[in-house]
There are 2 protein chains.
Amino acid sequence: MTTEPTILIVDDEAAIRDMIGVALDTAGFNSMEAESALEAHVNIVDKRPDLVLLDWMLPGGSGIELARRLKREELTADIPIIMLTAKTSEDNKVQGLDVGVDDYVTKPFSPRELIARIKAVLRRSTGNLRDKPIRVFDLELDPASHRVTIEEKAVDMGPTEYRLLNFFMTHPEKVFSRDHIQDQVWGANVYLEERTVDVHIGRLRKALTSASSPGINYAGLIQTVRGAGYRFSTKPE
Amino acid sequence: MTTEPTILIVDDEAAIRDMIGVALDTAGFNSMEAESALEAHVNIVDKRPDLVLLDWMLPGGSGIELARRLKREELTADIPIIMLTAKTSEDNKVQGLDVGVDDYVTKPFSPRELIARIKAVLRRSTGNLRDKPIRVFDLELDPASHRVTIEEKAVDMGPTEYRLLNFFMTHPEKVFSRDHIQDQVWGANVYLEERTVDVHIGRLRKALTSASSPGINYAGLIQTVRGAGYRFSTKPE
DNA sequence: CTACTCCGTCATAAAATTGTAATATTTCAA
DNA sequence: TTGAAATATTACAATTTTATGACGGAGTAG
């Protein structure tokens, strides 16, 4: 996976999408496009972009509707949204912010302004949510440095195992089916063999084990729940 | 997985309905069919399927109309809809139909993709309603973590015993015949020896006993009602 | 190009669970 | 008190589920 943030552009006018797309590329972002709310929703669920640029005036007024929906559903609630709006009336702002949108930009806007706002929102959202290290006993996952440590010593693992652990540590004490884990860690609608999850669980456990000190084995935090899936828990099985 | 989700297929072509029906059966879903928007609506209100697969090219363009209507009406708004669309060339029209459809699949599609998307949508929609832990004295069953504890200490039991206990705890103070228990815990249309229920009751009791503290034995909550079945009750026999 | 790393799948091993049948125990009415 | 009926318990082989090691392919850095 690339480290540049991916931005989804949702607008019904191809010209605008292209224009924004070029601006984003220039600024070093990856971009995807969608021309309808429906297409956008599918893309968001499937690909999990880091941010969504959403035209308020989609046909059928569905822009707002989409924003509301994204913020309502747990799976997508934490994806920041910047609204693109043509009008400058207060109503838009109020309504948009009410929905939980992170920022808005009024058309016409300069690419520079757009980029600036995107960066600001990304900084804010990654700062709030992902920046704080998560710690369990002496196991620490630090999103900022993208690093896992046990007793301050680095734990070596692949990117997938990192995402897996990250997901588990942000959702402790809950079972997740293999399907669910695939959705969260690999992205929805990616078809994998179910057992693939097992294999990566195994790899994660091994990584944790070989970095654990004799007293405590952190692999024990990743618990198998027979017939149901896996669970990250500090309570013993 | 006591009951398989039921999926309603709405398409005017019998061939397509059949094809999808077979795919759904294979994947372990129940399926129903409807060939018109009207029939579909009646079925939906009557039977409340867990998900609707809706061809948007129903005669008279009534597919979109149906979707809109379902999402508008309180009673049906929470039933997820997956649209089946003919081709991407229809995108212009698709735009107008945001309506809150949960996903869409373009024909021709592979059964595998369809199943994957159905599962993803179902997971999303049902995952939102969280089950609260059920507690009786110091015995707690927590569906979220899929865990049973006595005085905060984990109780070890197999999947079937978990389902059994879950059923009992959600239906306390009532007697259930072995047949009824089989239906609820194993699912209908599963034939088992009647005595099998006894065995699992025994296993459940044993699990509860070996996790109980000296003062109180939680196995006592599972009461035998001679000649009738079993009962979960907080009142002593 | 070569040597890595990481990924997803498969085959196989290991472990846990399941249903049944056989046997033991309890209950209740006569 | 006895014995048939109902329930409990035990043991076990079959099945299901999970764990693990190995392998080839993709992608990358040197």
Side-chain angles (χ1 to χ4, degrees), chain A residues 1-4 146 148 154-166 175-183 185-187 189-210 217 219-232 237, chain B residues 1-2 28 112 116 146-148 154-166 175-183 185-187 189-210 217 219-232 237:
Chain A
M1 208 178 227
T2 43
T3 50
E4 288 80 33
H146 207 270
V148 178
V155 182
D156 185 49
M157 65 179 71
T160 305
E161 283 72 47
Y162 176 84
R163 290 204 306 276
L164 195 52
L165 181 60
N166 183 53
V175 226
F176 297 97
S177 68
R178 293 176 172 72
D179 275 347
H180 206 298
I181 293 174
Q182 283 192 13
D183 276 3
V185 175
W186 278 263
N189 297 318
V190 176
Y191 181 82
L192 292 175
E193 211 51 51
E194 275 229 327
R195 295 284 137 220
T196 298
V197 175
D198 297 40
V199 174
H200 281 277
I201 291 276
R203 286 171 180 160
L204 177 54
R205 281 173 173 160
K206 194 154 92 175
L208 292 175
T209 300
S210 59
N217 184 355
L221 298 176
I222 316 264
Q223 303 172 352
T224 302
V225 183
R226 222 153 215 274
Y230 296 95
R231 167 180 59 202
F232 182 89
E237 282 189 281
Chain B
M1 246 50 98
T2 333
R112 198 163 87 175
H146 204 277
R147 182 178 259 178
V148 178
V155 183
D156 186 50
M157 65 180 71
T160 306
E161 283 73 48
Y162 177 86
R163 270 177 292 147
L164 195 52
L165 181 60
N166 184 51
V175 213
F176 297 99
S177 69
R178 293 176 172 73
D179 273 346
H180 198 290
I181 293 174
Q182 283 193 13
D183 282 356
V185 175
W186 278 263
N189 65 28
V190 176
Y191 176 79
L192 291 175
E193 211 53 51
E194 274 230 328
R195 296 283 130 222
T196 299
V197 175
D198 298 39
V199 173
H200 282 278
I201 292 276
R203 286 172 179 157
L204 177 53
R205 280 172 173 159
K206 192 157 94 179
L208 292 175
T209 300
S210 59
N217 184 355
L221 299 177
I222 315 256
Q223 303 172 351
T224 302
V225 183
R226 205 180 165 76
Y230 297 95
R231 170 181 53 204
F232 182 90
E237 286 187 278

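Just so it is clear, the values below take in all heavy atoms, side chains as well, and ignore hydrogens, waters and symmetry mates. Bear in mind the structure is a predicted one, so any value in this text is a computation, not a measurement.
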Worksheet item: Is the base of C:dT20 touched by the side chain of B:Arg195 through a donor-acceptor pair closer than 3.5 angstrom?
Response: no
Worksheet entry | Closest to side chain of B:Arg226, choosing from C:dC7, C:dT17, C:dC28 | C:dC28
Discussion item. If I take atom CG in residue A:Asp198 and atom C1' in nucleotide C:dA15, what distance separates them, rounded to the nearest angstrom?
Written reply: 13 Å
Item to complete: Work out which heavy atom in A:Val190 is nearest to a heavy atom in A:Gln182; give both atom names and the distance.
Response: O-OE1, 3.7 Å
Worksheet item: Contact class for B:Thr196 vs. all strands (heavy atom < 4.0 Å): base, sugar-phosphate, or nothing?
Response: base
Worksheet item: Can you tell me if the side-chain N/O atoms of A:Trp186 get under 4.0 Å from OP1 or OP2 in C:dG8?
Response: yes
Response to the item:
B:Glu193 atom CD is separated from C:dA21 atom C1', nearest whole Å, by 9 Å
Discussion item. Need one value for A:Arg203: base, sugar-phosphate or nothing, where a base atom within 4.0 Å counts as base even if backbone is also close, heavy atoms only.
Written reply: base
Response to the item:
When rounded to whole Å, the CZ to C1' distance for the pair B:Arg178 and C:dG19 reads 16 Å
Worksheet item: Which atom names give the shortest non-hydrogen contact between A:Thr160 and A:His200, and what distance separates them?
Response: CG2-ND1, 3.6 Å
Worksheet item: Got a second to check how far B:Arg195's CZ is from B:Ile201's CD1, nearest 0.5 Å?
Response: 11.5 Å
Discussion item. Nearest whole Å is fine: how far is C:dT25 C1' from B:Arg205 CZ?
Written reply: 13 Å
Worksheet item: Distance from B:Arg163 atom CZ to B:His146 atom NE2, nearest 0.5 Å?
Response: 8.5 Å
Item to complete: Check the distance between C:dC10's P and A:Leu192's CG and give it to me in whole angstrom.
Response: 11 Å
Worksheet item: CG/A:Asp198 to CZ/A:Arg203 distance, rounded to the nearest 0.5 angstrom?
Response: 11.5 Å
Item to complete: Identify whether any heavy atom of B:Tyr162 sits under 4.0 Å from a base atom; if not, whether one sits that close to sugar-phosphate; answer base, sugar-phosphate or nothing.
Response: nothing
Worksheet item: Rounded to the Å, how far apart are B:Ile181 CD1 and C:dG19 P?
Response: 14 Å
Discussion item. Could you tell me if B:Arg147 and B:Tyr162 have a donor-acceptor pair between their side chains, going purely by distance under 3.5 Å?
Written reply: no
Worksheet item: OH of B:Tyr230 to CD of B:Gln223: how many Å apart, nearest 0.5 Å?
Response: 12.5 Å
Discussion item. Does B:Glu194 reach a base, just sugar-phosphate, or nothing at all? Heavy atoms under 4.0 Å.
Written reply: nothing
Response to the item:
Span of DNA chain D engaged by chain B, first through last nucleotide within the 4.0 Å heavy-atom cut-off, is D:dA5 to D:dA11
Discussion item. Categorize A:Gln182 for me: base, sugar-phosphate, or nothing, with a 4.0 angstrom heavy-atom threshold over every strand shown.
Written reply: nothing
